[in-house]
Amino acid sequence: MVHLPGGRSPEPEGVAVGPLDLAARVDDALAVQAVAFGLTDEEIGVRRHIVLRHLTSPGARALGATTPAGRLVGFVYGMPNDRTHWWSTVVQPYLRAAGYDDWLDDSFVITELHVHPAYQNRGIGRRLITAITDAAFQPRSLLSAIDTDSPARGLYRSLGYTDLARPVLFPSAPSPYAVMGAPLPLRR
């Protein structure tokens, strides 16, 4: 087996990507997000309510990446865009100003995608996002990401996402974001 620096292997042996009952495993998912995204306990509490509310939206679905022992090491969830949702109302003026307002119609939004740092750079994020968008009925996908040159943004670009609007300022977010969009199916 090939090992990367730090003793990690390039392929996550036995990590399976499949449907996730996110409501039942919301605390496991938020633990992954907390480590991957650096969340405080207070932020985790707020996000727990947001995730559970999102799961009541028509068409919302989630996938998880789990080890053979059942440990959740990554997850993605999303839903068809609804212009009345908070995220959509925040990004709409930015997309309109950039000439991409129509992207809010008939799009599948990647709401969250996180992989535990010990399992990053092994293709899990790519497997999660392509699997969830492959099942979408919409012709395109949207997401927002912190507006920096990050591995996540590199992944999204490699899949065909391009910047539609930036910088996008979310209330109480410390950093600006970019709204990215891609036609479906995603590039492989």
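Just so you know, these numbers come straight off a predicted model, no measurement behind them.
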Report yes if the side chains of [X] and [Y] come closer than 4.5 Å at any heavy-atom pair, otherwise no.
X: Val179; Y: Leu142; answer: yes
X: Val115; Y: Leu128; answer: yes
X: Arg157; Y: Asp163; answer: yes
X: His54; Y: His85; answer: no
X: Arg47; Y: Val26; answer: no

Hey, what do you get for [atom1] ([X]) to [atom2] ([Y]), rounding to the nearest 0.5 Å?
X: Asp82; Y: Ser107; atom1: CG; atom2: OG; value: 12.0 Å
X: Arg140; Y: Thr133; atom1: CZ; atom2: OG1; value: 15.0 Å
X: Leu113; Y: Ile132; atom1: CG; atom2: CD1; value: 9.0 Å
X: Gln138; Y: Leu184; atom1: CD; atom2: CG; value: 8.0 Å

- prompt: Would Trp86 and Val91 show up in the same hydrophobic cluster when neighbours are defined by side-chain heavy atoms closer than 4.5 Å?
  reply: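 Yes.
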
query: Going only through I, L, V, M, F, W and Y residues with side-chain contacts under 4.5 Å, is there a path from Leu159 to Tyr77?
result: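 No, because Leu159 and Tyr77 fall into different hydrophobic clusters, even though each may have its own neighbours under 4.5 Å.
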
field: Verdict with supporting geometry, Phe37 and Glu112, side-chain contact (heavy atoms from CB on, under 4.5 Å)
entry: CA-CA 11 Å; Phe37 213 56; Glu112 298 287 350; 5.9 Å; no

message: Atom CG of residue position Asp41 - does it have more than 12 heavy atoms of other residues, nucleotides or ligands inside 6.0 Å?
response: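 Not more than 12 within 6.0 Å, no.
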
- prompt: Is the OH atom of Tyr94 crowded by more than 12 outside heavy atoms at less than 6.0 Å?
  reply: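 Atom OH in Tyr94 is crowded, with more than 12 foreign heavy atoms closer than 6.0 Å.
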
query: If you take all heavy atoms of Pro80 and Ala60, which pair is closest and at what distance?
result: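 Residues Pro80 and Ala60, closest heavy atoms: CD-N, 4.4 Å.
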
query: Which word best sums up how the rings of Phe170 and Tyr177 line up, parallel for under 30°, tilted for 30 to 60°, or perpendicular for over 60°?
result: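 Taking Tyr177 first and then Phe170, their aromatic rings stand perpendicular (interplane angle over 60°).
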
task: Check the angle between the aromatic planes of Phe75 and His114 and answer parallel, tilted or perpendicular using the 30° and 60° thresholds.
output: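 Taking His114 first and then Phe75, their aromatic rings sit tilted (interplane angle of 30° to 60°).
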
- prompt: Does Arg71 come within less than 4.0 Å of Asp28, counting only side-chain N to carboxylate O?
  reply: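 No.
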
task: Tell me yes or no: between the side chains of Ser88 and Asn81, is some donor less than 3.5 Å from an acceptor?
output: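 Yes, a side-chain donor-acceptor pair sits under 3.5 Å.
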
